[in-house]
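Presented below is the structure to which this report refers.
Because only heavy atoms are used, hydrogens play no part in the values below, and waters and symmetry mates are left out as well, while side chains stay in. Protein chains get the first letters and strands the later ones, always in sequence-line order, with residue 1 at the start of each.
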Number of protein chains: 2
Amino acid sequence: MDPLSTPVRLRSRATWLLGQSANQGHRLIGERMHAAGVPSRSYYSLLAALSEVGATSQADLGRRIGLDRSDVTAAVTDLEAKGCLERTPDPADRRRNLVRITADGKAFLAGLDAEVAAAQEELLAPLAQEEREALVGMLVRVVAHHTGLRLGDDAEG
Amino acid sequence: MDPLSTPVRLRSRATWLLGQSANQGHRLIGERMHAAGVPSRSYYSLLAALSEVGATSQADLGRRIGLDRSDVTAAVTDLEAKGCLERTPDPADRRRNLVRITADGKAFLAGLDAEVAAAQEELLAPLAQEEREALVGMLVRVVAHHTGLRLGDDAEG
DNA sequence: AACGAAACGTTGGCGGGACCAACGATAATC
DNA sequence: GATTATCGTTGGTCCCGCCAACGTTTCGTT
(Lines give C-alpha, C1' and ligand atoms only; values in the text may rest on other atoms or scores of the structure.)
Protein backbone atom coordinates (compact mmCIF):
# COMPACT_ATOMS: atom_id res chain seq x y z
CA MET A 1 0.00 0.00 0.00
CA ASP A 2 1.26 3.39 -0.97
CA PRO A 3 -0.25 5.96 1.40
CA LEU A 4 1.06 8.84 -0.65
CA SER A 5 -1.21 8.09 -3.55
CA THR A 6 -4.42 7.02 -1.87
CA PRO A 7 -7.37 8.90 -3.33
CA VAL A 8 -8.24 12.14 -1.59
CA ARG A 9 -11.82 11.02 -1.50
CA LEU A 10 -10.79 8.29 0.88
CA ARG A 11 -8.08 10.10 2.79
CA SER A 12 -10.51 12.78 3.91
CA ARG A 13 -13.44 10.55 4.78
CA ALA A 14 -13.94 9.98 8.48
CA THR A 15 -15.21 6.47 7.78
CA TRP A 16 -12.08 5.51 5.90
CA LEU A 17 -9.86 7.08 8.53
CA LEU A 18 -11.73 5.22 11.24
CA GLY A 19 -11.22 1.98 9.38
CA GLN A 20 -7.52 2.60 8.91
CA SER A 21 -7.02 3.58 12.54
CA ALA A 22 -8.96 0.57 13.74
CA ASN A 23 -6.87 -1.65 11.48
CA GLN A 24 -3.67 -0.25 12.93
CA GLY A 25 -4.98 -0.75 16.43
CA HIS A 26 -6.04 -4.31 15.69
CA ARG A 27 -2.69 -5.02 14.13
CA LEU A 28 -0.75 -3.68 17.12
CA ILE A 29 -2.94 -5.54 19.60
CA GLY A 30 -3.00 -8.65 17.48
CA GLU A 31 0.79 -8.83 17.36
CA ARG A 32 1.06 -8.53 21.11
CA MET A 33 -1.72 -11.02 21.71
CA HIS A 34 -0.12 -13.51 19.40
CA ALA A 35 3.20 -13.01 21.14
CA ALA A 36 1.45 -13.77 24.42
CA GLY A 37 0.08 -17.01 23.01
CA VAL A 38 -3.44 -15.70 22.46
CA PRO A 39 -4.83 -16.36 19.00
CA SER A 40 -7.57 -13.75 19.03
CA ARG A 41 -8.51 -10.41 20.56
CA SER A 42 -11.77 -11.87 21.75
CA TYR A 43 -9.93 -13.85 24.39
CA TYR A 44 -8.96 -10.63 26.08
CA SER A 45 -12.52 -9.31 25.93
CA LEU A 46 -13.74 -12.56 27.39
CA LEU A 47 -11.32 -12.57 30.30
CA ALA A 48 -11.97 -8.88 30.96
CA ALA A 49 -15.72 -9.44 31.09
CA LEU A 50 -15.25 -12.48 33.27
CA SER A 51 -13.03 -10.60 35.65
CA GLU A 52 -15.59 -7.85 36.05
CA VAL A 53 -18.74 -9.87 36.39
CA GLY A 54 -17.42 -12.71 38.52
CA ALA A 55 -19.08 -16.00 37.52
CA THR A 56 -21.63 -16.17 34.75
CA SER A 57 -22.84 -18.24 31.81
CA GLN A 58 -21.25 -18.45 28.40
CA ALA A 59 -24.28 -16.90 26.74
CA ASP A 60 -24.09 -13.90 29.04
CA LEU A 61 -20.41 -13.51 28.31
CA GLY A 62 -21.12 -13.56 24.60
CA ARG A 63 -23.77 -10.89 24.92
CA ARG A 64 -21.49 -8.65 26.89
CA ILE A 65 -18.62 -8.67 24.46
CA GLY A 66 -20.57 -9.16 21.24
CA LEU A 67 -19.38 -12.67 20.50
CA ASP A 68 -21.47 -15.47 19.08
CA ARG A 69 -22.35 -18.36 21.39
CA SER A 70 -20.48 -20.83 19.23
CA ASP A 71 -17.33 -18.75 19.31
CA VAL A 72 -17.64 -18.31 23.06
CA THR A 73 -17.68 -22.09 23.38
CA ALA A 74 -14.44 -22.41 21.46
CA ALA A 75 -12.72 -19.60 23.35
CA VAL A 76 -13.84 -20.89 26.74
CA THR A 77 -12.67 -24.40 25.87
CA ASP A 78 -9.29 -23.03 24.92
CA LEU A 79 -8.95 -20.76 27.93
CA GLU A 80 -10.01 -23.59 30.21
CA ALA A 81 -7.26 -25.76 28.78
CA LYS A 82 -4.81 -22.98 29.59
CA GLY A 83 -6.05 -22.86 33.17
CA CYS A 84 -7.35 -19.31 32.88
CA LEU A 85 -10.89 -20.19 33.85
CA GLU A 86 -13.10 -22.91 35.26
CA ARG A 87 -16.24 -24.22 33.57
CA THR A 88 -18.72 -26.06 35.74
CA PRO A 89 -22.38 -26.92 35.24
CA ASP A 90 -24.63 -24.44 37.03
CA PRO A 91 -26.54 -26.36 39.71
CA ALA A 92 -29.24 -23.68 39.74
CA ASP A 93 -29.81 -23.90 35.98
CA ARG A 94 -28.60 -27.06 34.40
CA ARG A 95 -28.68 -25.59 30.92
CA ARG A 96 -25.83 -23.24 31.74
CA ASN A 97 -22.17 -23.54 32.39
CA LEU A 98 -20.88 -21.40 35.20
CA VAL A 99 -17.64 -19.84 34.07
CA ARG A 100 -15.31 -18.19 36.51
CA ILE A 101 -11.82 -16.81 36.18
CA THR A 102 -8.95 -18.45 38.01
CA ALA A 103 -6.00 -16.86 39.79
CA ASP A 104 -3.83 -17.78 36.84
CA GLY A 105 -6.42 -16.23 34.58
CA LYS A 106 -6.35 -12.98 36.50
CA ALA A 107 -2.60 -12.85 36.33
CA PHE A 108 -2.69 -13.59 32.62
CA LEU A 109 -5.33 -10.93 32.12
CA ALA A 110 -3.14 -8.41 33.93
CA GLY A 111 -0.39 -9.18 31.48
CA LEU A 112 -2.70 -8.76 28.52
CA ASP A 113 -3.95 -5.51 30.00
CA ALA A 114 -0.43 -4.18 29.97
CA GLU A 115 0.02 -5.28 26.37
CA VAL A 116 -3.21 -3.63 25.31
CA ALA A 117 -2.28 -0.44 27.10
CA ALA A 118 1.11 -0.44 25.39
CA ALA A 119 -0.49 -1.03 22.01
CA GLN A 120 -2.89 1.82 22.56
CA GLU A 121 -0.06 4.08 23.63
CA GLU A 122 1.71 3.20 20.41
CA LEU A 123 -1.41 3.72 18.34
CA LEU A 124 -2.21 7.14 19.77
CA ALA A 125 1.40 8.28 20.00
CA PRO A 126 0.91 11.36 17.82
CA LEU A 127 -1.92 12.64 20.00
CA ALA A 128 -1.59 14.73 23.15
CA GLN A 129 -3.31 13.57 26.29
CA GLU A 130 -6.17 16.04 25.99
CA GLU A 131 -6.68 15.03 22.40
CA ARG A 132 -6.93 11.38 23.36
CA GLU A 133 -9.58 12.22 25.90
CA ALA A 134 -11.48 14.28 23.36
CA LEU A 135 -11.20 11.43 20.87
CA VAL A 136 -12.49 8.88 23.35
CA GLY A 137 -15.32 11.19 24.33
CA MET A 138 -16.45 11.60 20.76
CA LEU A 139 -16.16 7.92 19.94
CA VAL A 140 -18.14 7.01 23.04
CA ARG A 141 -20.96 9.19 21.82
CA VAL A 142 -20.79 7.75 18.32
CA VAL A 143 -20.83 4.18 19.58
CA ALA A 144 -23.59 4.93 22.06
CA HIS A 145 -25.67 6.51 19.35
CA HIS A 146 -25.55 3.37 17.23
CA THR A 147 -26.07 0.83 19.95
CA GLY A 148 -29.22 2.35 21.32
CA LEU A 149 -27.41 3.22 24.51
CA ARG A 150 -28.21 6.36 26.38
CA LEU A 151 -25.29 8.09 28.02
CA GLY A 152 -25.29 8.61 31.74
CA ASP A 153 -27.30 5.46 32.35
CA ASP A 154 -24.46 3.97 34.35
CA ALA A 155 -25.73 1.34 36.73
CA GLU A 156 -29.12 2.94 37.10
CA GLY A 157 -30.91 0.05 35.46
CA MET B 1 -24.78 -7.75 22.00
CA ASP B 2 -25.75 -5.91 25.14
CA PRO B 3 -23.92 -2.59 25.20
CA LEU B 4 -25.04 -1.87 28.74
CA SER B 5 -22.95 -4.65 30.18
CA THR B 6 -19.80 -4.53 28.11
CA PRO B 7 -16.74 -4.51 30.33
CA VAL B 8 -15.52 -1.08 31.34
CA ARG B 9 -12.05 -2.15 30.33
CA LEU B 10 -13.26 -2.29 26.77
CA ARG B 11 -15.72 0.58 26.78
CA SER B 12 -13.02 3.02 27.80
CA ARG B 13 -10.28 1.79 25.48
CA ALA B 14 -9.72 3.95 22.44
CA THR B 15 -8.79 0.88 20.42
CA TRP B 16 -12.07 -0.84 21.21
CA LEU B 17 -14.03 2.33 20.52
CA LEU B 18 -12.24 2.76 17.23
CA GLY B 19 -13.10 -0.79 16.28
CA GLN B 20 -16.73 -0.34 17.20
CA SER B 21 -17.01 2.94 15.34
CA ALA B 22 -15.32 1.49 12.29
CA ASN B 23 -17.69 -1.47 12.41
CA GLN B 24 -20.71 0.82 12.47
CA GLY B 25 -19.29 2.82 9.61
CA HIS B 26 -18.59 -0.30 7.59
CA ARG B 27 -22.05 -1.58 8.30
CA LEU B 28 -23.73 1.65 7.19
CA ILE B 29 -21.64 1.89 4.05
CA GLY B 30 -21.95 -1.80 3.33
CA GLU B 31 -25.73 -1.63 3.44
CA ARG B 32 -25.82 1.25 0.99
CA MET B 33 -23.24 -0.34 -1.28
CA HIS B 34 -25.18 -3.56 -1.33
CA ALA B 35 -28.36 -1.67 -2.11
CA ALA B 36 -26.54 -0.06 -5.04
CA GLY B 37 -25.51 -3.46 -6.35
CA VAL B 38 -21.93 -3.26 -5.16
CA PRO B 39 -20.75 -6.30 -3.22
CA SER B 40 -17.78 -4.71 -1.49
CA ARG B 41 -16.48 -1.37 -0.26
CA SER B 42 -13.31 -1.87 -2.23
CA TYR B 43 -15.22 -1.23 -5.44
CA TYR B 44 -15.82 2.32 -4.34
CA SER B 45 -12.17 2.81 -3.44
CA LEU B 46 -11.19 1.45 -6.81
CA LEU B 47 -13.48 3.72 -8.78
CA ALA B 48 -12.48 6.71 -6.67
CA ALA B 49 -8.79 6.07 -7.30
CA LEU B 50 -9.43 5.50 -10.96
CA SER B 51 -11.38 8.72 -11.27
CA GLU B 52 -8.55 10.69 -9.69
CA VAL B 53 -5.61 9.19 -11.46
CA GLY B 54 -7.08 8.81 -14.92
CA ALA B 55 -5.76 5.66 -16.58
CA THR B 56 -3.35 3.33 -14.83
CA SER B 57 -2.47 -0.30 -14.24
CA GLN B 58 -4.22 -2.70 -11.91
CA ALA B 59 -1.14 -3.08 -9.76
CA ASP B 60 -0.95 0.67 -9.28
CA LEU B 61 -4.60 0.78 -8.35
CA GLY B 62 -4.06 -1.92 -5.80
CA ARG B 63 -1.15 -0.09 -4.23
CA ARG B 64 -3.13 3.08 -3.96
CA ILE B 65 -6.09 1.63 -2.15
CA GLY B 66 -4.34 -1.16 -0.27
CA LEU B 67 -5.86 -4.05 -2.17
CA ASP B 68 -4.10 -7.22 -3.20
CA ARG B 69 -3.39 -7.70 -6.92
CA SER B 70 -5.57 -10.78 -7.09
CA ASP B 71 -8.50 -8.97 -5.52
CA VAL B 72 -8.01 -6.05 -7.90
CA THR B 73 -8.31 -8.47 -10.79
CA ALA B 74 -11.65 -9.74 -9.56
CA ALA B 75 -13.02 -6.27 -8.85
CA VAL B 76 -11.88 -4.89 -12.20
CA THR B 77 -13.40 -7.83 -14.04
CA ASP B 78 -16.67 -7.25 -12.26
CA LEU B 79 -16.68 -3.49 -12.80
CA GLU B 80 -15.80 -3.96 -16.44
CA ALA B 81 -18.80 -6.23 -16.86
CA LYS B 82 -20.94 -3.47 -15.38
CA GLY B 83 -19.53 -1.01 -17.87
CA CYS B 84 -17.95 1.18 -15.22
CA LEU B 85 -14.44 0.89 -16.65
CA GLU B 86 -12.44 -0.23 -19.65
CA ARG B 87 -9.52 -2.63 -19.48
CA THR B 88 -7.12 -2.62 -22.40
CA PRO B 89 -3.58 -3.95 -22.78
CA ASP B 90 -1.03 -1.17 -22.37
CA PRO B 91 0.81 -0.82 -25.70
CA ALA B 92 3.75 0.82 -23.93
CA ASP B 93 4.13 -2.04 -21.44
CA ARG B 94 2.54 -5.25 -22.50
CA ARG B 95 2.60 -6.69 -19.01
CA ARG B 96 0.05 -4.17 -17.83
CA ASN B 97 -3.61 -3.56 -18.38
CA LEU B 98 -4.57 0.05 -18.80
CA VAL B 99 -7.70 0.65 -16.79
CA ARG B 100 -9.75 3.78 -17.29
CA ILE B 101 -13.12 4.83 -15.94
CA THR B 102 -16.05 5.25 -18.33
CA ALA B 103 -18.75 7.91 -18.34
CA ASP B 104 -21.14 5.40 -16.83
CA GLY B 105 -18.51 4.64 -14.23
CA LYS B 106 -18.20 8.29 -13.30
CA ALA B 107 -21.94 8.61 -12.96
CA PHE B 108 -22.07 5.47 -10.86
CA LEU B 109 -19.21 6.74 -8.71
CA ALA B 110 -21.08 9.99 -8.14
CA GLY B 111 -24.01 7.98 -6.85
CA LEU B 112 -21.79 5.96 -4.56
CA ASP B 113 -20.19 9.17 -3.34
CA ALA B 114 -23.58 10.42 -2.26
CA GLU B 115 -24.28 7.14 -0.48
CA VAL B 116 -20.95 7.25 1.34
CA ALA B 117 -21.55 10.85 2.35
CA ALA B 118 -24.97 9.95 3.68
CA ALA B 119 -23.57 6.99 5.58
CA GLN B 120 -20.90 9.17 7.14
CA GLU B 121 -23.48 11.76 8.07
CA GLU B 122 -25.45 9.03 9.78
CA LEU B 123 -22.37 7.66 11.52
CA LEU B 124 -21.23 10.99 12.90
CA ALA B 125 -24.72 12.27 13.67
CA PRO B 126 -24.04 12.86 17.38
CA LEU B 127 -21.01 15.05 16.63
CA ALA B 128 -21.05 18.76 15.87
CA GLN B 129 -19.32 20.01 12.75
CA GLU B 130 -16.25 21.29 14.59
CA GLU B 131 -15.98 18.01 16.42
CA ARG B 132 -16.01 16.08 13.17
CA GLU B 133 -13.20 18.22 11.86
CA ALA B 134 -11.24 17.72 15.04
CA LEU B 135 -11.85 13.97 14.80
CA VAL B 136 -10.71 13.82 11.20
CA GLY B 137 -7.65 15.90 12.04
CA MET B 138 -6.62 13.55 14.82
CA LEU B 139 -7.27 10.41 12.80
CA VAL B 140 -5.27 11.78 9.90
CA ARG B 141 -2.30 12.19 12.19
CA VAL B 142 -2.73 8.73 13.66
CA VAL B 143 -2.96 7.09 10.25
CA ALA B 144 -0.06 9.13 8.90
CA HIS B 145 2.06 8.13 11.87
CA HIS B 146 1.59 4.43 11.17
CA THR B 147 1.94 4.52 7.43
CA GLY B 148 5.27 6.29 7.40
CA LEU B 149 3.67 9.28 5.81
CA ARG B 150 4.81 12.76 6.62
CA LEU B 151 2.12 15.40 6.77
CA GLY B 152 2.33 18.33 4.41
CA ASP B 153 4.08 16.27 1.74
CA ASP B 154 1.22 16.83 -0.63
CA ALA B 155 2.38 16.46 -4.20
CA GLU B 156 5.89 17.66 -3.48
CA GLY B 157 7.49 14.32 -4.27
C1' DA C 1 -50.11 -30.66 35.57
C1' DA C 2 -49.15 -30.33 30.77
C1' DC C 3 -47.62 -28.36 26.84
C1' DG C 4 -45.53 -24.99 23.79
C1' DA C 5 -42.03 -21.53 23.68
C1' DA C 6 -37.63 -20.02 24.87
C1' DA C 7 -32.77 -20.31 26.39
C1' DC C 8 -28.49 -22.97 26.91
C1' DG C 9 -24.15 -25.21 25.05
C1' DT C 10 -22.21 -27.68 21.26
C1' DT C 11 -21.11 -28.97 16.55
C1' DG C 12 -20.78 -27.98 11.87
C1' DG C 13 -20.87 -25.13 8.08
C1' DC C 14 -21.13 -20.83 5.09
C1' DG C 15 -19.45 -16.44 3.16
C1' DG C 16 -16.48 -12.54 2.96
C1' DG C 17 -11.94 -10.40 3.32
C1' DA C 18 -7.10 -10.39 3.65
C1' DC C 19 -3.30 -12.67 2.35
C1' DC C 20 0.00 -15.79 -0.10
C1' DA C 21 1.98 -18.98 -3.94
C1' DA C 22 2.67 -19.99 -8.33
C1' DC C 23 2.58 -19.50 -13.21
C1' DG C 24 3.46 -17.49 -18.00
C1' DA C 25 4.47 -13.28 -20.13
C1' DT C 26 7.01 -9.14 -20.35
C1' DA C 27 10.22 -5.49 -18.94
C1' DA C 28 14.21 -3.74 -16.49
C1' DT C 29 18.95 -4.35 -14.78
C1' DC C 30 23.60 -5.54 -14.66
C1' DG D 1 22.60 -12.01 -22.80
C1' DA D 2 21.43 -13.80 -18.32
C1' DT D 3 19.34 -12.63 -14.08
C1' DT D 4 16.00 -10.19 -11.69
C1' DA D 5 11.70 -7.83 -11.21
C1' DT D 6 6.96 -6.64 -12.41
C1' DC D 7 2.34 -7.63 -14.25
C1' DG D 8 -2.15 -10.08 -14.43
C1' DT D 9 -4.37 -14.28 -13.39
C1' DT D 10 -5.75 -18.47 -10.99
C1' DG D 11 -6.21 -20.96 -6.99
C1' DG D 12 -5.79 -21.70 -2.41
C1' DT D 13 -5.53 -20.80 2.85
C1' DC D 14 -6.78 -18.67 7.14
C1' DC D 15 -9.51 -15.95 10.25
C1' DC D 16 -13.69 -13.83 11.65
C1' DG D 17 -18.51 -13.12 12.03
C1' DC D 18 -22.68 -15.32 11.48
C1' DC D 19 -26.37 -18.83 11.05
C1' DA D 20 -28.62 -23.69 11.49
C1' DA D 21 -29.48 -27.47 13.86
C1' DC D 22 -29.64 -30.63 17.68
C1' DG D 23 -30.52 -32.38 22.48
C1' DT D 24 -31.19 -30.62 27.05
C1' DT D 25 -33.33 -27.83 30.41
C1' DT D 26 -36.23 -24.08 32.06
C1' DC D 27 -39.98 -20.70 31.61
C1' DG D 28 -44.65 -19.17 30.60
C1' DT D 29 -49.35 -19.97 29.79
C1' DT D 30 -53.36 -22.25 30.29
Side-chain angles (χ1 to χ4, degrees), chain A residues 1-2 16 19-20 22-27 29-31 33-34 37-46 50 55-81 85-100, chain B residues 1-2 16 19-20 22-27 29-31 33-34 37-46 50 55-81 85-100:
Chain A
M1 161 125 181
D2 184 357
W16 186 81
Q20 293 294 311
N23 277 346
Q24 295 292 342
H26 288 160
R27 183 183 56 83
I29 289 191
E31 288 171 0
M33 292 283 175
H34 189 267
V38 172
S40 166
R41 286 170 264 124
S42 56
Y43 284 37
Y44 170 72
S45 307
L46 212 160
L50 205 51
T56 183
S57 70
Q58 298 179 194
D60 180 60
L61 279 175
R63 268 181 241 113
R64 286 174 186 269
I65 65 179
L67 200 62
D68 192 82
R69 299 202 307 256
S70 57
D71 302 318
V72 172
T73 295
V76 164
T77 301
D78 206 354
L79 285 171
E80 185 186 26
L85 52 82
E86 293 173 337
R87 171 165 53 176
T88 60
D90 186 345
D93 185 342
R94 295 165 56 196
R95 292 173 301 180
R96 308 185 187 183
N97 284 340
L98 262 189
V99 184
R100 89 190 74 231
Chain B
M1 161 123 182
D2 185 358
W16 187 81
Q20 294 293 312
N23 277 345
Q24 295 293 342
H26 287 160
R27 182 182 57 83
I29 289 190
E31 289 172 359
M33 292 283 176
H34 189 267
V38 172
S40 167
R41 287 170 263 124
S42 55
Y43 284 36
Y44 171 72
S45 307
L46 213 159
L50 205 50
T56 183
S57 70
Q58 300 179 194
D60 179 59
L61 279 175
R63 270 180 237 112
R64 286 174 186 269
I65 65 179
L67 201 62
D68 192 81
R69 297 198 309 242
S70 57
D71 303 318
V72 173
T73 296
V76 164
T77 302
D78 206 353
L79 286 171
E80 186 186 26
L85 52 83
E86 292 173 337
R87 171 165 51 176
T88 59
D90 186 345
D93 186 342
R94 294 164 59 195
R95 293 172 300 180
R96 307 186 189 184
N97 285 340
L98 261 189
V99 184
R100 93 189 73 229

Would one find a side-chain N or O of [X] under 4.0 angstrom from OP1 or OP2 of [N]?
X        : N       : result
Arg63(B) : dC7(D)  : yes
Thr73(A) : dT10(C) : yes
Ser70(A) : dG9(C)  : no
Arg95(B) : dA27(C) : no
Asn23(A) : dA18(C) : no
Gln58(B) : dT9(D)  : yes

Expressed in angstrom and rounded to an integer, what is the separation of [X] atom [atom1] from [N] atom [atom2]?
X        : N       : atom1 : atom2 : value
Asp68(B) : dT13(D) : CG    : P     : 16 Å
Met1(B)  : dC19(D) : CE    : P     : 15 Å
Arg27(A) : dC15(D) : CZ    : C1'   : 18 Å
Arg87(B) : dC7(D)  : CZ    : P     : 16 Å
Glu31(A) : dC15(D) : CD    : C1'   : 16 Å
Leu67(A) : dC16(D) : CG    : P     : 10 Å
Asp71(B) : dG16(C) : CG    : P     : 13 Å
Arg69(B) : dC20(C) : CZ    : P     : 11 Å

> Run the side chain to side chain contact (heavy atoms under 4.5 Å, CB included) check on Arg87(B) and Leu79(B) step by step: do they pass?
Replying inline: CA-CA 10 Å; Arg87(B) 171 165 51 176; Leu79(B) 286 171; over 6 Å; no
> Pick the nucleotide of DNA chain D nearest each of Ser42(A) and Asp93(B); which residue has the one closer to the 5' end?
Replying inline: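 In this pair, the answer is Asp93(B).
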> Is any side-chain heavy atom of Leu46(A) less than 4.5 Å from a side-chain heavy atom of Ile65(A)?
Replying inline: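 Side chain of Leu46(A) against side chain of Ile65(A), heavy atoms only: contact under 4.5 Å found.
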> Are side-chain heavy atoms of Arg64(A) and Asp60(A) found at a separation under 4.5 Å?
Replying inline: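 In short, these two side chains touch, coming nearer than 4.5 Å.
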> Which of the following nucleotides, dT26(C), dC8(C), dG8(D), is nearest to the side chain of Ala59(A)?
Replying inline: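 Nearest to the side-chain atoms of Ala59(A), counting from C-beta on, is dC8(C).
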> Ser40(A) side chain: which of dG9(C), dC16(D), dG8(D) is closest?
Replying inline: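 Selected nucleotide: dC16(D).
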> Would you say the side-chain atoms of Arg96(A) and Thr56(A) include a donor-acceptor pair closer than 3.5 Å?
Replying inline: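 No, no side-chain donor-acceptor pair sits under 3.5 Å.
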> Can you tell me if Asn97(B) uses its side chain to pair, donor with acceptor, with the backbone of Val99(B) under 3.5 Å?
Replying inline: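 No: the side chain of Asn97(B) does not pair with the backbone of Val99(B).
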